[in-house]
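Values reported hereafter were calculated over all heavy atoms of this structure, with side chains retained and with hydrogens, waters and symmetry mates removed. Numbering starts at 1 and runs along the sequence shown.
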Amino acid sequence: QVQLVESGGGSVQAGNSLRLSCRHSTYMSVGSYCMAWFRHVPGKEREGVGAIDADGRATYAESVKGRFTISGNNRKITSYLEMNSLSPDDTAMYYCAADGGVGYFVCRAQTLGVADLGYWGQGTQVTVSS
């Protein structure tokens, strides 16, 4: 069983940056490994923010493109979400998620669904004030 633990959330003013980390409890020796970050605001659906597939191809939601960067280390133990030029609209609980056997056409931030990934962290709060 893979466990994911997020860190790096906090409260910042608009325009500043944060870096979220997601530590995986074990290396997944499976192909087509997908790592992603979602965010959730009460009253709205959980939104895919960024996703990176086994070949390192990253995709993003339109709302964060050019400001956020997702990355993961070679052994797929840790993933990161670098968030720049934060605005109050980015305030949310951020979750990391991952799973193996997720192909390229599924591991895309704009269409990736909650049900596509089996492993989730507990979430880390990001609050951006104006």
Side-chain angles (χ1 to χ4, degrees):
Q1 184 75 10
V2 177
Q3 293 183 327
L4 309 182
V5 179
E6 303 99 336
S7 61
S11 298
V12 296
Q13 289 192 322
N16 284 344
S17 301
L18 280 174
R19 188 191 197 207
L20 306 183
S21 300
C22 177
R23 174 78 183 180
H24 304 204
S25 62
T26 185
Y27 172 63
M28 289 193 64
S29 58
V30 296
S32 301
Y33 194 68
C34 176
M35 297 184 289
W37 287 87
F38 286 73
R39 65 186 180 186
H40 181 243
V41 176
K44 296 184 178 180
E45 290 189 1
R46 196 169 290 194
E47 173 191 25
V49 174
I52 185 167
D53 69 9
D55 293 322
R57 291 172 291 198
T59 56
Y60 302 92
E62 284 297 325
S63 59
V64 306
K65 198 173 291 186
R67 300 187 298 121
F68 290 14
T69 302
I70 186 173
S71 62
N73 72 2
N74 290 334
R75 290 188 56 81
K76 307 179 181 68
I77 294 296
T78 307
S79 63
Y80 304 95
L81 185 68
E82 185 77 33
M83 305 185 295
N84 298 314
S85 301
L86 285 163
S87 76
D89 290 339
D90 296 315
T91 295
M93 183 72 78
Y94 283 72
Y95 299 87
C96 67
D99 212 336
V102 181
Y104 168 71
F105 292 104
V106 177
C107 187
R108 302 178 65 82
Q110 296 186 19
T111 56
L112 191 62
V114 171
D116 292 322
L117 301 175
Y119 302 106
W120 289 81
Q122 295 297 311
T124 185
Q125 178 68 36
V126 172
T127 302
V128 185
S129 58
S130 57

Visitor: Got a second to check how far Q122's CD is from Y95's OH, nearest 0.5 Å?
Guide: 8.0 Å
Visitor: Are there over 12 heavy-atom neighbours, none belonging to Q125, within less than 6.0 Å of that residue's CD?
Guide: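 Yes, enclosed.
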Visitor: Does Q3 offer a backbone N or O that forms a donor-acceptor pair with the side chain of S25 under 3.5 Å?
Guide: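 Between the backbone of Q3 and the side chain of S25 there is a qualifying donor-acceptor contact (under 3.5 Å).
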Visitor: When you group the ILVMFWY residues by side-chain heavy-atom contacts below 4.5 Å and let the links chain together, are V41 and M93 in the same group?
Guide: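 Different clusters: M93 never reaches V41 through Ile, Leu, Val, Met, Phe, Trp or Tyr contacts under 4.5 Å.
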Visitor: Is E6 reaching over with its side chain to a backbone N or O of C96, donor-acceptor style, under 3.5 angstrom?
Guide: yes
Visitor: Is there a path of hydrophobic side-chain contacts, each under 4.5 Å between heavy atoms of I, L, V, M, F, W or Y residues, that connects V49 with V128?
Guide: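 Same cluster: V49 reaches V128 through Ile, Leu, Val, Met, Phe, Trp or Tyr contacts under 4.5 Å.
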Visitor: How long is the gap from OG1 on T127 to CD on Q13, to the nearest 0.5 Å?
Guide: 12.5 Å
Visitor: As an exercise, state the distance from CG of D90 to CG of L18, rounded to the nearest 0.5 Å.
Guide: 10.0 Å
Visitor: In the structure I gave you, are the side-chain heavy atoms of L117 and C34 within less than 4.5 Å of one another anywhere?
Guide: yes
Visitor: Side-chain contact, heavy-atom cut-off 4.5 Å: S129 with T91?
Guide: no
Visitor: Are I70 and Y104 in one and the same hydrophobic cluster, where Ile, Leu, Val, Met, Phe, Trp and Tyr link if side-chain heavy atoms are under 4.5 Å apart?
Guide: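 Unlinked, I70 and Y104 end up in two clusters.
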Visitor: Just by modelled atom types, is the R57 backbone N or O under 3.5 Å from a matching donor or acceptor in the D55 side chain?
Guide: no
Visitor: Return the minimal non-hydrogen interatomic distance between A14 and S130, and the atom names on each side.
Guide: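 It is CB-CA, 4.3 Å.
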Visitor: So do the side chains of C107 and V102 get within less than 4.5 Å of each other, counting heavy atoms only?
Guide: yes
Visitor: Answer yes or no: is there a side-chain heavy-atom contact under 4.5 Å between Y33 and D53?
Guide: no
Visitor: Are Y80 and L86 linked, directly or through other ILVMFWY residues, by side chains that come within less than 4.5 angstrom of each other?
Guide: no
Visitor: Once rounded to the nearest 0.5 Å, what's the spacing between atom CG of D99 and atom OH of Y119?
Guide: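 Between D99 CG and Y119 OH, I get 5.5 Å after rounding to 0.5 Å.
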Visitor: Would a 4.5 Å heavy-atom cut-off, applied to side chains only, mark M83 and R19 as touching?
Guide: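 With C-beta onward as the side chain, the pair stays apart.
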Visitor: Does R67 use its side chain to pair, donor to acceptor, with the backbone of S85 at less than 3.5 Å?
Guide: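 Yes: the side chain of R67 pairs with the backbone of S85.
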Visitor: Minimum heavy-atom separation for A98 to H24, with atom names?
Guide: CB-CE1, 3.8 Å
Visitor: Hey, does the side chain of T124 reach the backbone of G9 with a donor-acceptor pair shorter than 3.5 angstrom?
Guide: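 Yes, the answer is positive, given that a donor and an acceptor are paired below the 3.5 Å cut-off.
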Visitor: Measure the spacing between CG of L20 and OG of S79 and express it to the nearest 0.5 Å.
Guide: 9.5 Å
Visitor: How many angstroms lie between atom OG of S17 and atom CD of E82, to the nearest 0.5 angstrom?
Guide: 6.5 Å
Visitor: With a 4.5 Å cut-off on side-chain heavy-atom distances among I, L, V, M, F, W and Y, is there a chain of contacts connecting V126 to W37?
Guide: yes
Visitor: Among side-chain atoms of R39 and S63, is any donor-acceptor pair under 3.5 angstrom?
Guide: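 Note: R39 and S63 side chains meet the donor-acceptor criterion.
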Visitor: Can you list the residues that meet the ring-ring contact (aromatic ring centres under 6.0 Å, His included) rule with F38, with sequence neighbours excluded?
Guide: W120
Visitor: Show the nearest heavy-atom pair for residues E62 and Q110, with the distance to one decimal.
Guide: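 Result for this residue pair: OE2-NE2, 3.2 Å.
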